[in-house]
Amino acid sequence: MLMNPDTTAKLLTSAYYQNEDVVLMARDLLGKMIVTHTPEGTCSAIIVETEAYRGPDDRGCHAFGGRYTERTKTMYMSGGTAYVYTCYGVHPMMNVVTGQLGQAHAVLIRGVEPVDGKELMEVRRKMTGSHSLTSGPGKLTIAMGITRDMDGISLVENNASIQIMDTGITIPEAEIESGPRIGMSIHVGSCSHRPWRFYIRGNPWVSKPLKVDYTGKW
DNA sequence: GCGACGATTCGCT
DNA sequence: GCGAATCGTCGCG
């Protein structure tokens, strides 16, 4: 995909994130641009892969059944908040909280295509010349300088450390693929089959097509 | 307190 | 392709 974002990209508003249909939101966030501002510099990248997590009735979601803990409380904040948690003790995961205050919906960002600040991303990742730079949820957070202490911050402020912009890019329906989410444990049952992973077909920054086969595990 | 585990990644075989 | 790394969170006692 040729990435040539509109330079007049507009910061997405709180109202945008209030939509209660998190699956729709996961799909809509494809083609949007995530921007991070840190002391080391600014990085921006187009979102090319997402997954939806729907609080109340989704066994794959940390907040399933209304579970409210020290970690999940961020998911209940108002749409437009960052939910960052640590996976496997090492990898930060970046989620966008959606829906209204009290609704635990979130969209996991799984793959991005660098636009600006690529050199800084390469320094942070200690690598160059590979799509592996940002093709995975744990990779892109490192590349863009997203850390766990950004958990709970707003994405809609003019001076926010993490922002998401509407670039004017619209991904054609025909280029959007969907499929089962990745990494679901066998305990989430039929929820693992929900086609709530969205990505741009053929984009090299989509996380590697890991084997996703939950047949016979429930 | 304590043991088990995870929305993953990377290096080695 | 496989397994270790690595630690915050969670559930239980």
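Each chain gets a letter, A, B and so on, in the order the sequences are listed, and its residues count up from 1.
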Between atom [atom1] in [X] and atom [atom2] in [N], what is the gap in whole Å?
X: I142(A); N: dT6(C); atom1: CD1; atom2: P; result: 14 Å
X: D149(A); N: dC7(C); atom1: CG; atom2: P; result: 16 Å
X: L140(A); N: dT8(B); atom1: CG; atom2: C1'; result: 12 Å
X: Y68(A); N: dT9(C); atom1: OH; atom2: P; result: 14 Å
X: M75(A); N: dT9(C); atom1: CE; atom2: P; result: 15 Å
X: H105(A); N: dA7(B); atom1: NE2; atom2: C1'; result: 17 Å
X: R148(A); N: dT8(B); atom1: CZ; atom2: P; result: 17 Å
X: L108(A); N: dG6(B); atom1: CG; atom2: C1'; result: 13 Å

[X] near the nucleic acid: base, sugar-phosphate alone, or nothing, with a heavy-atom cut-off under 4.0 Å?
X: G60(A); result: base
X: E70(A); result: sugar-phosphate
X: R125(A); result: sugar-phosphate

(message) Of the options dG6(B), dC10(B), dT8(B), whose atoms approach the side-chain atoms of R110(A) most closely?
(response)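 In terms of side-chain proximity for R110(A), the closest of dG6(B), dC10(B), dT8(B) is dT8(B).
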
(message) If we count only N and O atoms by modelled type, under 3.5 Å, do the side chains of Q18(A) and S78(A) hold a donor and an acceptor together?
(response)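 Yes, a side-chain donor-acceptor pair sits under 3.5 Å.
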
(request) Using the ring of Y199(A) (Phe, Tyr or Trp, six-membered ring only), decide whether R197(A) places NZ or CZ under 6.0 Å from its centre and within 45 degrees of its axis. (result)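 Pair R197(A)/Y199(A) counts as cation-pi.
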
(request) Kindly confirm or rule out a cation-pi arrangement of R181(A) over Y53(A), judged by NZ or CZ under 6.0 Å from the six-membered ring centre and within 45° of its axis? (result)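 R181(A) over Y53(A) ring: yes.
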
(request) Assign each of T69(A) and H91(A) to its nearest nucleotide of DNA chain C by heavy atoms, then name whichever residue's nucleotide is nearer the 5' end. (result)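 So the residue in question is H91(A).
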
(message) By nearest heavy atom, map R71(A) and Y88(A) onto DNA chain C; which one lands nearer the 5' end?
(response)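 Closer to the 5' end of DNA chain C: Y88(A).
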
(message) Looking at dG11(C), I'd like to know if its phosphate oxygens (OP1 or OP2) sit under 4.0 Å from a side-chain N or O belonging to R67(A).
(response)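 Yes.
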
(message) Taking 4.0 Å as the cut-off, does a side-chain nitrogen or oxygen of H62(A) come that near to OP1 or OP2 on dT9(C)?
(response)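 The answer is no; no side-chain N or O of H62(A) sits under 4.0 Å from OP1 or OP2.
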
(request) Determine which nucleotide pairs with dT6(C), using a 3.5 Å limit on both distances of a Watson-Crick or G-U wobble pair. (result)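 Matched dT6(C) with nothing under the 3.5 Å cut-off.
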
(message) Tell me which nucleotide, if any, is Watson-Crick or G-U wobble paired with dC12(B) when both distances must be under 3.5 Å.
(response)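 Partner of dC12(B): dG1(C).
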
With [atom1] as the reference atom in both, quote the distance from [N] to [M] in angstrom, rounded to an integer.
N: dC2(B); M: dT6(C); atom1: P; value: 22 Å
N: dG3(C); M: dC5(B); atom1: C1'; value: 16 Å
N: dG1(C); M: dA7(B); atom1: P; value: 23 Å

(request) Using the six-membered ring for Trp and the full ring for Phe, Tyr or His, decide whether Y53(A) stacks on the six-membered base ring of dA7(B) (centres under 5.5 Å, planes under 30°). (result)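 Here Y53(A) meets both the 5.5 Å and the 30° conditions.
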
(request) May I have the step-by-step check of side-chain contact (heavy atoms from CB on, under 4.5 Å) for M77(A) and Y83(A), ending in yes or no? (result) CA-CA 9 Å; M77(A) 295 174 72; Y83(A) 170 42; over 6 Å; no

(request) Decide side-chain contact (heavy atoms from CB on, under 4.5 Å) for I200(A) and I176(A); before the verdict, give the C-alpha distance in whole Å, the side-chain angles of both, and the deciding distance to 0.1 Å. (result) CA-CA 5 Å; I200(A) 298 175; I176(A) 299 179; 5.5 Å; no

(request) Enter the distance from K126(A):NZ to M121(A):CE here, rounded to the nearest 0.5 Å. (result)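 Answer rounded to 0.5 Å: 15.5 Å.
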
